[in-house]
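Worksheet for the structure shown next.
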Amino acid sequence: MAEIEAEDEGDDHDLPDLPNVDEYDEVRMRAAPNPNGPWHIGHARMPAVIGTYKERYDGSFIVRFDDTDPETKRPDLDAYDAILDDIDYLGFEPDDVIVASDRVETYYEHARELIDAGGAYTCSCSGETFSELKNDAEACPHREKDVETVHEEFEAMVDGEYEPGEMVLRVRTDIEHKNPALRDWVAFRMIDTPHPREEASAYRCWPMLDFQSGVDDHLTGVTHIIRGIDLQDSAKRQQFVYDYFGWEYPEVVHWGHVQVDAYDVKLSTSTIKEKIEAGELDGWDDPRAPTLASLRRRGIRGEAVVDALIALGTSTSNVDLSMSSIYASNRELVDDEAERYFLVRDGERFALDGGPDAGHPPLHPDHEERGERTVPVDGGVRLEPDDVPAPGERVWLKGYACVRREGDSLVATGDGIGVVREGDVDVVHWVPAEGGVEVTMRTPDGDVAGVAEPDFAATDVDDVVQFERIGFVRVDEHGDEESVVYWTHP
RNA sequence: GCUCCAGUGGAGUAGCGGCCAAACUCACGGCCCUCUCACGGCCGAGCCCCCGGUUCGAAUCCGGGCUGGAGCACCA
């Protein structure tokens, strides 16, 4: 009991409780992505929050691909699996995965029922014409068609007998509703472009999000819907359908939009896709892309992303996510196991006189038991330009010794570590002038070339290590010519 | 134009009538530790959008305003 209380204490700053959880046998939630590309950082919020609630309430987490627009939101066939990979990376496993384009017949059946209930009518007004009538709170002539005609015309829609724009099925709501957004909205429309999924390519009559999503939420037993403020009116719209069917609407939580600092690229799947196609980005996992694939390649753990997104809560305000909070979460996860190495960027070469043959800094300052590295001084050393001492000045080569600059040479002074402790001499990292490992470090700000110490070659791909005084990186590749690392964070 | 929502330090969140001139995380500044500008420790600066009202008492309730966001698509 004391243990449980202690855990509750720790949850003080977690997400707020979901509303009316006691009224349901089980909390069921869904993420309903549009599979038009791999996920950006903002998309991670949904699985992060749903996954967290699932654990808290022992509930379930459904993934439903809302892919009912083969044209303007054309699904990307690779995206279905890419999104499931992203969810896996974040550390969650959906209880069920369903695809809306597999369920079109179900939507048709409910449309027919809705027509029988007097809740829908076929309408051949142009969008413009209807919009004007609607804004004046006036019904169009099609609203009073008899049910038989509506059925006939809807079946003709299903059979693909109309051109796009020629006929739609509208939900009969309240044409005088004070909120124009709720008046007689479109439930089905004609789309000529075949769906990219083979199984769904024959359909021409497609449901709109509010109809499809509303029906599916009920049919799949969703109890709590979490969605963005852009869908603020959806519940009110769908409520009309729920009323016709005698269904209870689930609980709804709305949250604001997320923006992420630190990127030049807008947090938008279509924008990222355009940049990739234009060659401005190398792919979805380019370190300059604000995508989950990019963070993963940089060695940031899904858990760190989740932590940072959970901390945003679920308020309806728009929020800015600082990458630094993802970095802080991740650093906590990787610091203890990341071995230390030296990397010198834009190195300047110096001859070295006196001193031992090699330096031996530890692999990790907090874990002497892991051993030490061997950094030889073959052919002298290289230093970063900012670390080069002025002529006559001293600098401490970390793990090696104190040296003084004399012209283009560094000369061992024989000083003890005391000169560092007293603050007289700065400690810098360094690599041998010959025999280092060529490294390309890929960062959100572009690629950086450098040379790592020889022992760096012993690291494994996927290791996250720290280049001292530079930052953490994930080892991506050890090639013949060079190694490639992805910068993780400071 | 109509409708809906929100406004607490640089970012985010908590507090939701007295315990609050306000807490926590990240960021920032300083100091300590340290053979890293990492990790760790200490300290610091900085916030209740405005105006009225209710109340003994308001960040918290009410009204108005201002600012910001969202919807009014045959997009999701």
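Below, read A as the first sequence line, B as the second, and so on, with proteins coming before strands; counting in each chain starts at 1.
With pairs defined as Watson-Crick or G-U wobble and both atom distances under 3.5 Å, the stems of at least three pairs that touch RNA chain B come out as B:1-7 with B:66-72, B:10-13 with B:23-26, B:28-32 with B:40-44, B:49-53 with B:61-65.
Considering only side-chain N and O atoms, A:S131 lies nowhere under 4.0 angstrom from the phosphate OP1 or OP2 of B:rC72. A sub-4.0 Å separation between OP1 or OP2 of B:rA73 and a side-chain N or O of A:R189 is absent. Residue A:K178 has a polar side-chain atom (N or O) positioned under 4.0 Å from OP1 or OP2 of B:rC4. One finds a side-chain N or O of A:K134 lying less than 4.0 angstrom from the OP1 or OP2 phosphate oxygen of B:rA73.
Applying a 4.0 Å cut-off to non-hydrogen atoms, the residues of residues 224-233 of chain A that approach RNA chain B are A:I229, A:D230, A:L231, A:Q232, A:D233, listed by residue number.
Side-chain N/O atoms of A:D336 and A:H364 include no donor and acceptor closer than 3.5 Å. A donor-acceptor pair shorter than 3.5 Å cannot be found between the side chains of A:D243 and A:Y249. If you check the side chains of A:S126 and A:T129, you find a donor sitting under 3.5 Å from an acceptor.
Not counting sequence neighbours, A:D81 has no partner by the side-chain hydrogen bond (donor to acceptor under 3.5 Å, both in side chains) test. Remark: A:T269 pairs with A:H43 by the side-chain hydrogen bond (donor to acceptor under 3.5 Å, both in side chains) rule, at least two apart or across chains. For A:Y121, the ring-ring contact (aromatic ring centres under 6.0 Å, His included) criterion is met by no residue, not counting sequence neighbours. A:Y80 is linked by a side-chain hydrogen bond (donor to acceptor under 3.5 Å, both in side chains) to A:D67, counting only residues two or more places apart in sequence or in another chain. For the side-chain hydrogen bond (donor to acceptor under 3.5 Å, both in side chains) test, residues two or more places apart in sequence or in another chain that qualify with A:Y203 are A:E105.
The A:A181 side chain lies nearest to B:rG71 when the options are B:rU13, B:rG71, B:rU36. Picking from B:rC35, B:rC4, B:rA76 the nucleotide with the shortest atom distance to the side chain of A:V420 gives B:rC35. Side-chain proximity of A:P180 to B:rC2, B:rA76, B:rA6: nearest is B:rC2.
A:G165 comes within contact range of at least one nucleobase, with a heavy-atom separation under 4.0 Å.
Judged by the 6.0 Å distance and 45° axis criteria, A:R197 is not positioned over the aromatic ring of A:F65. Geometric assessment of A:R112 against the ring of A:F154 yields a negative cation-pi assignment under the 6.0 Å and 45° thresholds.
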Check the interface with nucleotides 25-29 of chain B: list each N/O to N/O pair with the protein under 3.5 Å, or write none.
unit_1, atom_1, unit_2, atom_2, d
B:rC26, O2', A:S324, OG, 3.0

Close N/O contacts between protein and nucleotides 61-63 of chain B (under 3.5 Å):
none

Nucleotide N/O of nucleotides 41-47 of chain B paired with protein N/O under 3.5 Å:
none

Please write out the pairs of protein N or O atoms and N or O atoms of nucleotides 30-32 of chain B separated by less than 3.5 Å, giving the distance to one decimal.
none

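A salt bridge is absent between A:R204 and A:E161; no separation between the charged side-chain nitrogens and carboxylate oxygens falls under 4.0 Å.
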Side chains of residues 169-183 of chain A: which donor-acceptor partners sit under 3.5 Å, not counting sequence neighbours?
unit_1, atom_1, unit_2, atom_2, d
A:R170, NH1, A:D184, O, 3.0
A:R172, NE, A:G118, O, 2.8
A:R172, NH1, A:R143, O, 3.0
A:R172, NH2, A:R143, O, 3.2
A:T173, OG1, A:L182, O, 2.8
A:T173, OG1, A:D184, N, 2.7
A:T173, OG1, A:D184, OD1, 3.2
A:D174, OD1, A:E176, N, 2.9
A:D174, OD1, A:H177, N, 3.4
A:H177, ND1, A:N179, N, 3.0
A:N179, OD1, A:A181, N, 2.9
A:R183, NE, A:I175, O, 3.4
A:R183, NE, A:H177, O, 2.7
A:R183, NH1, A:K134, O, 2.6
A:R183, NH2, A:H177, O, 2.7

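A:R394 places no side-chain N or O within 3.5 Å of a backbone atom of A:V425 that could act as its donor or acceptor partner.
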